[in-house]
Amino acid sequence: MNKVIVCIGFLISFTAATLFSQNIDQRFYQAYLENDLDAWSNAITELSRSYEQSQDANLLLLMAKGAYGAIGSCFAQQDMDKAAEWAEQAEEYTLLFLEAQKDNAEGKALLAGIYGMKIGLKPIRGMSLGPKSSRLLTEAIAKDDNCALAYYHLGTSAYNTPETWGGSVAKAATYLQDAKERYEAGAIEHNWEYLNSLAWLGMSHHKLGQYTQAQQLFELALQHEPNFGWVKFQLLPRTQEAMK
């Protein structure tokens with residue numbers, strides 16, 4: 001009887017945790033689509049409360065991803081001061097997570113991406129943070145070659161780095177295609193990271209003058225999410241204009 005009670009208790013706890021995670025994923029997804037800083041912040045605050053009670057390191061990773069997403073929304077709103085604040089918060093969460101799970105590939109990939117954002121905010125940091133970011137991505141892929149986030153950040157790094165410093169849009173397209181395929185091997189419904197990878201892959205093809213490929217990727221993104229405003233109102237129309 002006691003074993004039955006324990007099993008039932010475990011199933012209830014597992015179901016509650018799954019529903020909680022799905023709820024957070026949905027809120028992150030909407031925050032990403034709408035560049036809603038309050039939505040990012042509120043979801044992270046809820047995660048923080050849960051972490052204080054459970055000390056579950058996986059919640060730290062979710063908090064870090066949320067803070068990282070908020071940086072992007074700050075860039076979209078051209079609020080660099082807020083972006084810097086969120087970058088510090090994202091780094092703090094990720095370092096705490098990596099203290100608990102030192103060899104976690106996704107944690108390392110995320111930290112690499114945060115360093116990339118910090119370089120974007122202050123390019124002089126590239127001298128110190130650039131090598132750290134590269135090392136983290138190498139370690140992440142060595143640990144887990146299926147880590148989509150690592151390939152995504154390799155791609156955005158190659159896209160944003162000047163050619164004189166080793167950047168390459170062609171390499172960016174290759175890495176982002178790798179990220180796309182790895183995301184598609186998992187759950188992509190209401191996955192803001194997947195949508196983000198499609199947008200950047202499309203931008204890479206656009207920059208290479210490969211407008212048909214870019215259009216196909218932007219249309220794919222809109223098939224998954226018709227309200228993806230960044231693609232619908234900016235990226236796809238720009239590519240369609242270039243094709244005329």
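Numbers here simply count residues along the sequence, with the first being 1.
- Taking all atoms of both residues into account, the shortest heavy-atom contact from Ala242 to His206 is CB-CE1, 4.0 Å.
- The same ILVMFWY cluster, assembled from side-chain heavy atoms under 4.5 Å apart, contains both Ile119 and Phe75.
- Note that Arg125 lies outside the cation-pi zone of Tyr115, set by a 6.0 Å cut-off to the ring centre and a 45° limit from the axis.
- Side-chain heavy atoms closer than 4.5 Å link hydrophobic residues (I, L, V, M, F, W, Y) into clusters, and following such links, even through other members, never connects Leu176 to Leu154.
- Summarising the geometry of Ser54 relative to Leu59, their closest heavy-atom pair is OG-CD1, 3.5 Å, with the distance given to 0.1 Å.
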Evaluation steps, side chain to side chain contact (heavy atoms under 4.5 Å, CB included), between Leu149 and Tyr183: CA-CA 8 Å; Leu149 191 61; Tyr183 277 120; 3.7 Å; yes

Test side chain to side chain contact (heavy atoms under 4.5 Å, CB included) applied to Lys132 and Leu111, step by step: CA-CA 9 Å; Lys132 288 183 180 180; Leu111 185 57; over 6 Å; no

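- Side-chain contact between Gln26 and Asn23: absent, with no pair of heavy atoms (C-beta onward) separated by less than 4.5 Å.
- The heavy-atom pair separating Asn35 from Ser73 by the smallest distance is OD1-OG, 3.2 Å.
- Separation of the His153 and Tyr175 ring centroids does not fall under the 6.0 Å cut-off.
- Contact check for Tyr194 versus Glu184: side-chain heavy atoms found under the 4.5 Å cut-off.
- Interatomic distance, OG1 of Thr156 versus CE of Met203, reported as 9.0 Å (0.5 Å rounding).
- Contact detail for Asp144 and Ala105: the closest heavy-atom pair is CB-CB, 3.7 Å.
- Formation of a donor-acceptor pair under 3.5 Å by the Ser133 side chain with backbone atoms of Leu129 is not found in this model.
- Partners of Tyr29 by side chain to side chain donor-acceptor pair (under 3.5 Å), not counting sequence neighbours, listed by chain and number: Glu225.
- Annotation for Leu98 and Asn104: closest pair CD2-O, 4.0 Å, computed over non-hydrogen atoms.
- Ring pair Trp192/Tyr32 is tilted by interplanar angle, where 30° to 60° counts as tilted.
- Annotation: side chain to side chain contact (heavy atoms under 4.5 Å, CB included) contacts of Ala199 (sequence neighbours excluded): Phe228, Trp230, Val231, Leu235.
- In this structure, a donor-acceptor pair under 3.5 Å is present between the side chains of Gln215 and Glu219.
- Side-chain contact check for Asp56 and Tyr51: no donor-acceptor pair (N or O, by modelled atom type) lies under 3.5 Å.
- Remark: Thr138 engages no residue in a side chain to side chain contact (heavy atoms under 4.5 Å, CB included) (not counting sequence neighbours).
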Side chain to side chain contact (heavy atoms under 4.5 Å, CB included) evaluation trace for Ile71 with Lys82: CA-CA 8 Å; Ile71 303 169; Lys82 282 283 187 184; over 6 Å; no

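- Among residues two or more places apart in sequence or in another chain, the salt bridge (charged side-chain N to carboxylate O under 4.0 Å, His left out) test is passed with Glu193 by Lys65.
- In this structure, CG on Leu37 lies 10.5 Å from CG on Asn42, to the nearest 0.5 angstrom.
- Here the CD-CG distance, from Gln216 to Leu198, works out to 12.5 Å after rounding to the nearest 0.5 Å.
- Neither Leu137 nor Tyr152 shares a network with the other; the hydrophobic side chains, linked directly or stepwise wherever heavy atoms of I, L, V, M, F, W or Y lie under 4.5 Å apart, form separate groups for each.
- Checked by atom type and distance alone, the side chain of Asn191 pairs as donor or acceptor with a backbone atom of Ala187 at under 3.5 Å.
- Side-chain contact between Met63 and Leu96: absent, with no pair of heavy atoms (C-beta onward) separated by less than 4.5 Å.
- The closest donor-acceptor contact from the side chain of Thr94 to the backbone of Ala90 lies under 3.5 Å.
- Tyr93 and Ala67 make their closest contact through CD1-CB, 4.2 Å (heavy atoms, listed as atom of the first residue, atom of the second, distance).
- With a 4.5 Å cut-off between side-chain heavy atoms of Ile, Leu, Val, Met, Phe, Trp and Tyr, the cluster of Met243 takes in Tyr211.
- In this view, Glu88 and Glu91, Lys118 satisfy the side chain to side chain contact (heavy atoms under 4.5 Å, CB included) rule, not counting sequence neighbours.
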His224/Leu220 under side chain to side chain contact (heavy atoms under 4.5 Å, CB included): CA gap, chis, key distance, verdict: CA-CA 7 Å; His224 285 283; Leu220 176 61; 3.7 Å; yes

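- Shown here are the side chain to side chain donor-acceptor pair (under 3.5 Å) partners of Arg135, two or more places apart in sequence or in another chain: Glu139.
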From CA spacing to verdict: side-chain hydrogen bond (donor to acceptor under 3.5 Å, both in side chains), Asp145, Tyr151: CA-CA 9 Å; Asp145 187 57; Tyr151 282 97; 2.5 Å; yes

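- Residues satisfying the side chain to side chain donor-acceptor pair (under 3.5 Å) test with Glu241, not counting sequence neighbours, are Lys244.
- Residues Leu222 and Lys232 are in side-chain contact: their nearest non-hydrogen atoms beyond the backbone lie under 4.5 Å apart.
- Taken from OH in Tyr68 to CG in Leu61, the straight-line distance is 13.0 Å, to the nearest 0.5 Å.
- Side chains of Gln177 and Glu181: a donor on one and an acceptor on the other come within 3.5 Å.
- Remark: Leu95 CG to Ile114 CD1 distance equals 8.0 Å, nearest 0.5 Å.
- Side chain of Lys102 to main chain of Glu99: a donor-acceptor pair is present (N/O by atom type, distance under 3.5 Å, no hydrogens or angles).
- With sequence neighbours left out, the side chain to side chain contact (heavy atoms under 4.5 Å, CB included) criterion links Ala173 to Leu201, Ser204, His205, Leu208.
- Using cut-offs of 30° and 60° for the angle between ring planes, the Tyr159 and Trp200 rings count as perpendicular.
- Among residues two or more places apart in sequence or in another chain, the side chain to side chain donor-acceptor pair (under 3.5 Å) test is passed with Trp86 by none.
- Within the structure, side chain to side chain donor-acceptor pair (under 3.5 Å) pairs that include any residue of residues 163-173 do not occur (at least two apart or interchain).
- Side-chain heavy-atom separations under 4.5 angstrom define the hydrophobic clusters, and Phe233 shares its cluster with no other residue.
- Note that CD1 of Ile24 and CG of Leu47 are 4.0 Å apart. Values are rounded to the nearest 0.5 Å.
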